[in-house]
Amino acid sequence: MKVALYARVSKLHTHQDPEVQLRDLRAWCPGQKHIIVAEYVDRGVSGAKEKRPKLDEMMRHAEQGRFEAVVVWKLDRFARSVRHLHNAVHELQGWDVALISFKDNFDLSTPMGKAMFTVIAMVAELERDIIAERIKAGLRHARAKGHIPGRKIDPKKGPSRTTLWRRRSKST
């Protein structure tokens, strides 16, 4: 089966490296008789965003029939909301392209895989919502202590426009 690999990391210049995902996928595919015909990697892009440069390119190529399946390291690397995942899977199925999740160990071309995908998608969205809730609580706590979250002020350049705007809007 001809497959495309898709990997995503949320942050640039951190410990996150898409090679962690790709290395596992490249090693796994030959044992499954999958031939890798393309790799698509989004770097520094949140999974909450439905529009991502490499994901969009991959979806166009899927529609053109360049491969028979998309292999992802884990489902949350592909999508973080049930709605986005559902819509993307529906599009892929319309083009006869399967979605295979390596770590979650299922293939959405099977009935069991379709059922599992719904459950795992809900868990991924819940995880994202919990992280967002914790961040908001932390920001509220920092503000209550008088700290203004944001970028540090460069002593040579002074505060950024954003920092100045935050200070003005906070005082009004």
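- With hydrophobic clusters built from ILVMFWY side chains whose heavy atoms lie under 4.5 angstrom apart, Tyr6 does not share a cluster with Trp73.
- The number of heavy-atom neighbours closer than 6.0 Å to CD of Glu133, taken from other residues, nucleotides and ligands shown, is 12 or below.
- In plain terms, the two heavy atoms of Trp28 and His34 that are nearest each other are CZ3-CD2, 3.8 Å.
- The side-chain heavy atoms of Ile100 and Gln32, taken from C-beta on, include no pair separated by under 4.5 Å.
- Side-chain atoms of Gln21 come within 3.5 Å of backbone atoms of Arg8 as a donor-acceptor pair (strictly under, hydrogens ignored).
- Here the closest heavy-atom approach between residue Phe67 and residue Val97 is recorded as O-CG2, 3.6 Å.
- Val89 is connected to Val70 through a chain of hydrophobic side-chain contacts under 4.5 Å among Ile, Leu, Val, Met, Phe, Trp and Tyr, so both are in one cluster.
- Cluster membership for Ile36 and Val72, using ILVMFWY side-chain heavy atoms within less than 4.5 angstrom, is not shared.
- Across Leu75 and Asp104, no two heavy atoms sit closer than the pair N-OD2, 2.9 Å.
- Note that NZ of Lys2 and CD1 of Ile35 are 8.5 Å apart. Values are rounded to the nearest 0.5 Å.
- Trp95 and Leu55 fall within a single hydrophobic cluster, where Ile, Leu, Val, Met, Phe, Trp and Tyr are joined by side-chain heavy atoms under 4.5 Å apart, directly or via other members.
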Please determine whether side-chain contact (heavy atoms from CB on, under 4.5 Å) holds for the pair Val9 and Asp17, giving the CA-CA distance in whole Å, both sets of side-chain angles, and the decisive distance to 0.1 Å. CA-CA 7 Å; Val9 291; Asp17 184 353; 5.9 Å; no

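- Closest approach of Leu85 and Phe78 over heavy atoms only: CD1-CD2, 3.6 Å.
- Under the 4.5 Å side-chain heavy-atom criterion for ILVMFWY residues, no single connected hydrophobic cluster contains both Leu99 and Leu22.
- Not a single donor-acceptor pair under 3.5 Å links the side chain of Asp107 to the backbone N or O of Ala98.
- Looking at Arg60 and Glu63, no side-chain N of the basic residue comes within less than 4.0 Å of a carboxylate O on the acidic one, giving no salt bridge.
- Met59 and Ala88 make their closest contact through CE-O, 3.8 Å (heavy atoms, listed as atom of the first residue, atom of the second, distance).
- A side chain to side chain donor-acceptor pair (under 3.5 Å) with Tyr40 holds for exactly one of His61, Glu57, Lys54, Arg52; it is His61.
- Minimum interatomic distance between Cys29 and Leu5 (heavy atoms only, all atoms of both residues): SG-CD2, 4.0 Å.
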